[in-house]
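Whatever order the structure lists ligands and atoms in, that order sets their numbers, starting from 1.
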Amino acid sequence: MNRLRRYAGALRKYTKHNVIVLLYHRVADVTQDPFELCVTPDNFSEHMDVLRAIGNPISLSQLNACLRNYKLPRRGILVTFDDGYSDNLYNAKPILDRYEVSATVFVAAAYVGFRGEFWWDELENLLLRPGTLPEYLEFKLSGTPFKFKLGESAVFYSDEQHHQYRSWNFREKTLPTERHALYLNLYKILRPLPTAGRGEALEIIRGWSGCTSAPREAYRPMTAAEVQRLRHGKLIEVGSHTNSHPVLSQLPLDTQREEISGSKSLLEDILDQPITSFAYPYGGDADYTAETVGAVREAGFESAFSTAAGLVGKQSEPFRLPRYVVGNWNGDALARRIRRLLYE
Ligand SMILES: [Zn+2]
């Protein structure tokens, strides 16, 4: 009876023809990854193997066409990447090619060719690398004063501590040191700021930290030539992820429009082809509004993706398509999750 019920359940899922959209950021092997953005190349290979074995990898163009026709494929799975890290070209593309899996990379257009790091990476590097920081951090942003005391014990951060806490991530309830507390505090302050304010704050924190080392090569966003090479071939499509990766809901509508349409035209100039899809930065329910959705539609996109977890069905709103964030799991762990989504 149980088996029969399971079978009926599986059949229902089959006939529903849902699509799973997976969200990756980076394919890289790094020492610490507090926001869990990286999947190692080995795990990513296993993931693509799994998708080929139990799913039906589709491209963004296929998904867009399917949504237009209200007809979705069986066990369809779309691989997406956000942000536009150079490791997408050097580490992910060869693996996608090997398994012939399509993917779409949503690029934050103003970061293309940027010699520094994405702001969240730089903040991590300034706060959570071994060395000495001043005990007090005080600054003013648009007249609002901020004051932090790092505490004597966290002024010096040793190589041993760095090694010991390298697997810490933001979801953990306990903070290993005051540095981690300050890092999360600053992250929360910087995240909703408009681009200029964020840059200003980061410059103050950089100056305070005394850090003079060059940006980390492994964290580099793609150059325009790299975006072109990434797009080259049949498997990879490029979508827009705004210009400067702001929290769109925090911006006036005209600035949102500039971020949305501006990034579309910048990427179209780089690739000389239409950019048809968009991903909301951060992508949570509070990170964009109905106005944002309207602006994305008006800019001429066909679809847009959030980071809300869920399956894409034929009734899904094309401008609020859900995605599943993928962690640094091995192939078996990913397969278990996908089977659960597809068959249960
Ligand atoms: Zn992003």
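- One of the N, O or S atoms belonging to His241 lies under 2.8 Å away from the Zn ion (ligand 1).
- The Zn ion (ligand 1) has an N, O or S atom of Asp83 inside 2.8 Å of it.
- The minimum distance between the Zn ion (ligand 1) and any N, O or S atom of His245 involves atom NE2.
- Using cut-offs of 30° and 60° on the angle between ring planes, the pair Tyr183 and Trp168 is perpendicular.
- Residues Leu253 and Val247 fall into different hydrophobic clusters, defined by Ile, Leu, Val, Met, Phe, Trp and Tyr side chains chained together at heavy-atom separations under 4.5 Å.
- Ring orientation note: the planes of His162 and Tyr157 are nearly perpendicular, at an angle over 60° on the 30°/60° scale.
- Within a 6.0 Å radius of CG in Asp272, other residues, nucleotides and ligands contribute 12 heavy atoms or fewer.
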